[in-house]
Amino acid sequence: MFIYKIYTLGLNFIYMFIKIFKTNNKKIFFLSRQSNEMSLDYRMLVNYINKNYPEYKIVVMTNMIGKKLKDKIKYIRIMIVQMYHLATSKTCVIDGYNITVSVLKHKKKLKIIQIWHSLGAIKKFGYQTLDKENGNSSKMAKVMKMHKNYDLIVTGSNAMIPYFSKAFNNPEEKFINCGLPRIDYLIKESENNKKMILKKYKELKNKKIILYVPTFRKGKNYYIENLINAVDNDKYELIIKGHPLKKIKNQKYSDDFTSLELLSIADYVITDYSAISIEAAVLNKPIYFYLYDLEEYNKSVGINIDLEKEMPKSTFKKAKTLIKNIENNKYSYKELEKFRSKYLDNLEGNATEKLAKYIVGEL
């Protein structure tokens with residue numbers, strides 16, 4: 001830990017000189033290490049601001065930290081550039097934890113908005129999982145000032161705020177409930193996405209589509225075979241879409257499209273502890289929860305939402321029972337509507353506009 005303390009002190013020492021540069025009150029800095037490319041939410045926000053607030057200068061940096069030593073050394077140079085933009089921007093938008101955002105002492109005029117990369121917190125994360133099997137250590141979180149320096153944090157519903165507040169270790173007063181741009185995308189682009197996918201894969205028109213979108217897990221994917229074997233291939237097409245950080249086998253049809261695009265053709269959506277369930281709820285898709293490892297997952301990660309209690313008719317531990325429910329057409333849309341209304345407060349198609357107004361300071 002001593003090395004990390006020296007590391008953060010060194011960054012702040014460098015930043016002290018970089019902060020001499022003048023702040024541009026019309027500059028917005030979008031920063032992410034979730035991917036090397038702009039996320040859908042970032043693209044939609046950048047396009048909206050460019051169109052409606054052309055006087056603002058937008059800078060985007062999206063860089064993942066590689067696992068090799070040379071990648072980590074390269075990232076140090078990237079952080080220097082990040083520091084310059086943090087020092088010269090009026091607003092910074094992030095969608096995950098960023099070292100330079102949390103460990104540095106910023107100018108008071110810099111506003112930092114955390115939009116996160118998920119619509120909800122079905123599973124626990126951040127401070128909720130400290131010292132757990134799949135979480136960070138509490139000592140590391142303290143040294144690296146995990147999720148510090150945020151002025152605003154975006155959520156999709158009031159029901160999610162208590163969970164996000166614990167995960168970020170930030171007071172509930174900092175949260176704004178407007179949803180993410182991806183909600184607008186799902187509402188407005190679903191039909192176009194469906195046409196695009198079916199144009200490429202015409203054979204999908206003749207079957208009911210079951211989309212399986214599991215959350216990120218470490219270890220083997222033995223559970224997938226049970227689901228594959230339970231599906232009648234003459235009646236259904238099972239499409240499996242793994243987490244972006246973990247490639248899994250049997251991803252037929254899904255490599256060319258994102259999970260949000262694939263939702264458009266899904267007749268049924270199967271997931272577990274992923275927030276894709278909330279995104280599927282935007283489109284009123286029948287959602288099934290395949291919780292074969294519920295007890296184990298609760299110990300290693302933890303769950304915020306008691307799915308067996310909130311969606312009892314849609315929650316299963318065995319693949320055969322789940323698929324049989326689909327075949328018997330016994331889905332409870334009443335449960336879905338209750339889940340949808342609880343965890344999605346803004347379905348008006350204006351999440352991008354609202355969030356953009358917070359970013360430029362109109363709200």
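Atoms considered below: every heavy atom in the structure, side chains included; atoms not considered: hydrogens, waters and symmetry mates.
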- Query: Are any of the side-chain nitrogens in E327 or K324 under 4.0 Å away from the carboxylate oxygens of its partner?
  - Reply: yes
- Task: Report the C-alpha separation of H106 and K19 in whole Å, then their side-chain angles, then the decisive distance to 0.1 Å, and conclude whether the side-chain hydrogen bond (donor to acceptor under 3.5 Å, both in side chains) test is met.
- Result: CA-CA 8 Å; H106 301 289; K19 283 191 291 185; over 6 Å; no
- Message: Is it true that, when you exclude K299 itself, more than 12 heavy atoms of the residues, nucleotides or ligands shown sit nearer than 6.0 Å to its NZ?
- Response: no
- Distance-only, no hydrogens or angles: does the D131 side chain make a donor-acceptor pair with backbone N or O of S138 under 3.5 Å? yes
- Cut-off 3.5 Å, side chains only: do E362 and Y53 have a donor facing an acceptor? yes
- Task: Decide yes or no for I210 and I239: does some side-chain heavy atom of the first lie under 4.5 Å from some side-chain heavy atom of the second?
- Result: no
- Query: Does I305 reach the side chain of Y343, with side-chain heavy atoms less than 4.5 Å apart?
  - Reply: yes
- Task: Indicate whether any N or O donor in one side chain lies under 3.5 Å from an N or O acceptor in the other, for N12 and Y7.
- Result: no
- Item | Pair N24, T88: side-chain N/O donor-acceptor within cut-off below 3.5 Å | no
- Does any N or O in the side chain of Y297 come within less than 3.5 Å of the main-chain N or O of L291, such that one atom is a donor and the other an acceptor? no
- Query: Hey, are D256 and Y201 close enough side-chain-wise for a donor-acceptor pair under 3.5 Å?
  - Reply: yes
- Parallel, tilted or perpendicular: which describes the rings of W116 and H147, with under 30° parallel and over 60° perpendicular? perpendicular
- Task: Look at the rings of F168 and F164 and say which category their plane angle falls in: under 30° parallel, 30 to 60° tilted, over 60° perpendicular.
- Result: tilted
- Hey, can you tell me if Y290 and Y292 have their rings parallel, tilted or perpendicular (30° and 60° cut-offs)? tilted
- Task: Search all heavy atoms of Y185 against all heavy atoms of L260 and return the closest pair with its distance.
- Result: CE2-CB, 4.2 Å
- Message: Check this for me: K105, atom NZ, are more than 12 non-hydrogen atoms of other residues, nucleotides or ligands nearer than 6.0 Å?
- Response: no
- Should the pair E310-K342 be classified as a salt bridge under the 4.0 Å nitrogen-to-oxygen rule? yes
- Query: How about V103 and L11: do any of their side-chain heavy atoms sit closer than 4.5 Å?
  - Reply: yes
- Task: State whether R182 and D41 are salt-bridged, where the test is any N-O pair (Lys NZ or Arg NE/NH1/NH2 against Asp/Glu carboxylate O) under 4.0 Å.
- Result: yes
- Closest non-hydrogen contact found for Y150 with Y97 is OH-CA, 4.2 Å
- Query: Side chains of N193 and T258: does their closest heavy-atom pair fall under 4.5 Å?
  - Reply: no
